[in-house]
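Working notes, beginning with the structure itself.
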Amino acid sequence: MLDLRFIRENPDLVKTGAANKNEKKCDVDAILKLDEQRREIIHNVEHLKAERNKATAEIARKKKAGEAADDAIAAMREVGKEIASLDNDLRKVDEDLNGLLLWVPNMPHESAPVGLDESANVLVRTWGEKPKQDFEVLPHWEIGEKLGILDLEGATNLSGAGFYVLKGAGARLERALISYMLDMHVADGYEEVKVPHIVTADTMRGTGQLPKLEDDMYRIESDDLYLIPTAEVPVTNLYKKKIIDEDDLPIKMVAHTPCFRREAGAAGKDTRGMIRVHQFDKVEMVKIVHPDNSYDELETLVAQAEKVLQGLGLHYQVTELATGDLSFAAAKCYDLELWASGIEKYLEISSISIFESFQSRRMNCRFRNKEKKLEFPHTLNGSGVALARLIPAILENYQNSDGTVSIPDALQPYMNGATRIE
RNA sequence: GGAGAGGUGGCUGAGUGGUCGAAAGCGGCGGUCUCGAAAACCGUUAUACUCUUUGAGUAUCUAGGGUUCGAAUCCCUACCUCUCCGCCA
């Protein structure tokens, strides 16, 4: 949510920002018009209320003194009706205005590359190299089935297309990765949290998934609840409607959760194997920070996500998203793209974003600054990282010519010392 | 799922129709005292919005409606919390 005053004072900036993000449902002109109406009504109704407050004080005084106040009461009865009618108008305007405000995307940061789609994304740096494998590397769904650790057909049998089952060393590998990542982030000062995977619409609104992404999420109709598409939602919203002490900033949290995504309209694109599924696990980091150093916090968050991949010896590249590729709520975002040598593609494995005060405003999360004033903190989050794409990359990049898969050194302690899957 | 009780400021807690934005205490902040600290004492301590913006006004006692000239206070609804019973990994 943007500050209404900011929109009022910079309508053209907001329009440009929305256009660069290709957000078509954002109607700045309608907002300005309603804002004007709203202030006019407020002006009138407050005037009447001031009048009434004076009159009721006078009535109270007269009653106490035993004097008659019938005239004043009769006069105020009319004023009361007028107030009720104006209050009603105001409520309607407020409702419409808030509805429109929810559709205003966050402004892209000035450093974000301008461009309407991913072709304008900028390669920032690369780390490591593609593995040297002088044989035909099988894609993860083939090597996984061969080793008996991945069962895609079994998953379809249970839940339909777009799910996966891991077995034996595969299931163990995922658990090892989760522990490896959580341990790393906790050691680096992130507090581990365990959160619900089902949340209310209000919570979804807080981080900006609603109203825009309604169709991308699973909704439990009987109780009007939603399955989380990312841990960002429950973890960030832990601070919904909270007032934070400035000394407690920055807040750094990490959580492992499943993520549920309908992937509506994504059929046919990257649908093989584990790359695009309806349910996958992810380790997610969330930061709530002081606005003064939030962009430094973004860089350290990127570094934290990179550390996971570096520790596993996996080649990746860092890109910065163009405005048109930025999410509705983000001001700036880096992607980590991990090389997978079987399908010979870079896989988006982590998205690290800063939201400035967009989410904290929606959540009404504030902190008290040194002047004792309330201020909106900045929120950030980043995957650290997504399991359903990390596992394929390992199965492919660490694949050997004899059909076995080596286990990265860093994971071996979590795999009972095993060095390979065979 | 059934029955009951309750939701007041950062916290505890008073207030059942008329200067109540709200007593008191705790906590916080500033000061006096002190070499310093503690104690004691004094003062101070919400947020948002509107405007004719060194000032004035309006709103806010979980939320949304209603009654009334006037609602923290009465009525209705929703949500949440607690207690007891039932069910249950």
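Computed from heavy atoms alone, side chains included, the values below leave out hydrogens, waters and symmetry copies. Here is the naming used below: chain letters follow the sequence lines, and residue numbers restart at 1 for every chain.
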Listing, residues 374-386 of chain A side-chain donor-acceptor contacts under 3.5 Å, not counting sequence neighbours, or none:
residue: A/Glu375; atom: OE1; partner: A/Asn369; partner atom: ND2; Å: 2.8
residue: A/His378; atom: ND1; partner: A/Ser294; partner atom: OG; Å: 2.7
residue: A/Thr379; atom: OG1; partner: A/Gln359; partner atom: OE1; Å: 2.7
residue: A/Asn381; atom: ND2; partner: A/Glu232; partner atom: OE1; Å: 3.3
residue: A/Asn381; atom: ND2; partner: A/Glu232; partner atom: OE2; Å: 3.3
residue: A/Ser383; atom: OG; partner: A/Ser351; partner atom: N; Å: 3.1

Could I get a table of every N or O pair under 3.5 Å where one atom is in the protein and the other is in nucleotides 48-51 of chain B?
residue: B/U50; atom: OP1; partner: A/Arg8; partner atom: NH2; Å: 3.3
residue: B/C51; atom: OP1; partner: A/Arg39; partner atom: NH1; Å: 3.4

Polar atom pairs between nucleotides 61-63 of chain B and protein, under 3.5 Å, N or O only, would you list them?
none

Check the interface with nucleotides 67-71 of chain B: list each N/O to N/O pair with the protein under 3.5 Å, or write none.
residue: B/C69; atom: OP1; partner: A/Arg77; partner atom: NE; Å: 2.8
residue: B/C69; atom: OP1; partner: A/Arg77; partner atom: NH2; Å: 2.4
residue: B/C69; atom: O4'; partner: A/Ile73; partner atom: O; Å: 3.2
residue: B/G70; atom: OP1; partner: A/Arg52; partner atom: NH1; Å: 3.4

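Here the separation of B/A22 from B/A46, taken at their C1' atoms, is 12 Å to the nearest Å. With both ends at atom P, the span from B/C87 to B/G2 equals 15 Å, rounded to whole Å. Nucleotides B/U62 and B/A72 have their C1' atoms positioned 12 Å apart, rounded to a whole Å. Remark: the separation of the C1' atoms in B/G28 and B/U83 is 35 Å, to the nearest Å. B/C79 and B/G65 have their C1' atoms separated by 15 Å, with the value rounded to a whole Å. Between B/C76 and B/G9, the two P atoms lie 24 Å apart (nearest whole Å). Going from the P atom of B/U19 to that of B/G1 covers 42 Å, rounded to whole Å. Straight-line distance between the P atoms of B/C74 and B/G57: roughly 30 Å, to the nearest whole Å.
Per the geometry, CG belonging to A/Asp87 stands 13 Å off C1' belonging to B/G64, to the nearest Å. A/Glu375 has its CD atom 15 Å from the C1' atom of B/U47, to the nearest Å. Following rounding to the nearest Å, A/Phe376 (CZ) and B/U47 (P) show an atom-to-atom distance of 13 Å. Taking atom CG of residue A/Asp223 and atom C1' of nucleotide B/A78, one finds them 15 Å apart after rounding to whole Å. The separation between A/Asn53 atom CG and B/A56 atom P is 16 Å, rounded to whole Å. Rounded to a whole Å, the CD atom of A/Glu67 is 18 Å from the P atom of B/G18. The nearest whole Å value for the distance from the CG atom in A/Asp202 to the P atom in B/C79 is 14 Å.
No donor-acceptor pair closer than 3.5 Å links the side chain of A/His197 to the backbone N or O of A/Ile228. For A/Asp248 (side chain) and A/Ile244 (main-chain N/O), no donor-acceptor pair under 3.5 Å exists by modelled atom type. The main-chain N or O of A/Lys240 is never found under 3.5 Å from a side-chain atom of A/Asn237 such that the two would form a donor-acceptor pair.
More than 12 heavy-atom neighbours from other residues, nucleotides or ligands sit within 6.0 angstrom of CD on A/Glu246.
Taking 4.0 Å as the cut-off between side-chain N and carboxylate O, A/Lys252 and A/Glu191 do not count as a salt-bridged pair. A salt bridge links A/Glu58 to A/Arg61: at least one charged side-chain nitrogen sits closer than 4.0 Å to a carboxylate oxygen. Taking 4.0 Å as the cut-off between side-chain N and carboxylate O, A/Lys15 and A/Asp29 count as a salt-bridged pair. Ion pairing of A/Asp35 with A/Arg39 is present here, as a side-chain N (NZ or NE/NH1/NH2) and a carboxylate O approach within less than 4.0 Å. The pair A/Asp87-A/Lys49 meets the salt-bridge criterion, since a charged nitrogen lies less than 4.0 angstrom from a carboxylate oxygen. The existence of a salt bridge linking A/Asp215 and A/Arg262 is excluded, since no basic side-chain nitrogen approaches an acidic carboxylate oxygen closer than 4.0 Å. With respect to A/Lys21 and A/Glu23, no salt bridge is recorded, no charged nitrogen being found less than 4.0 Å from a carboxylate O.
For the atom pair A/Arg389 CZ and A/Ser350 OG, the distance stands at 11.0 Å (nearest 0.5 Å).
Residue order along RNA chain B, read from the 5' end via each residue's closest nucleotide, puts A/Arg61 first among A/Arg61 and A/Asn88. Between A/Arg91 and A/Lys54, the residue anchored nearer the 5' end of RNA chain B, judged by the nucleotide with its closest heavy atom, is A/Lys54.
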Working note: A/Glu337 + A/Leu347, criterion side-chain contact (heavy atoms from CB on, under 4.5 Å); need CA distance, chi angles, decisive distance, verdict.
CA-CA 5 Å; A/Glu337 298 177 347; A/Leu347 302 174; over 6 Å; no
Go through A/Val45 and A/Asp89 one step at a time and tell me if the side-chain contact (heavy atoms from CB on, under 4.5 Å) criterion holds.
CA-CA 10 Å; A/Val45 78; A/Asp89 294 347; over 6 Å; no
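Against RNA chain B, the stretch residues 238-247 of chain A makes no heavy-atom approach under 4.0 Å.
Note on A/Arg368: only backbone sugar-phosphate atoms sit closer than 4.0 angstrom, heavy atoms only; bases stay farther off.
Of the candidates A/Asn88, A/Ile42, A/Ile41, A/Ile41 is the only one forming a side-chain contact (heavy atoms from CB on, under 4.5 Å) with A/Val93.
A/Tyr218 and A/His278 have perpendicular rings, their planes meeting at more than 60° on a 0 to 90° scale where under 30° would count as parallel.
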Base-pairing string, 5' to 3', of RNA chain B - Watson-Crick or wobble, under 3.5 Å, | interstrand:
((((((((.[[[..)..(.....]]]((((((.......))))))((((((...)))))).[[[[[..)....]]]]])))))))....
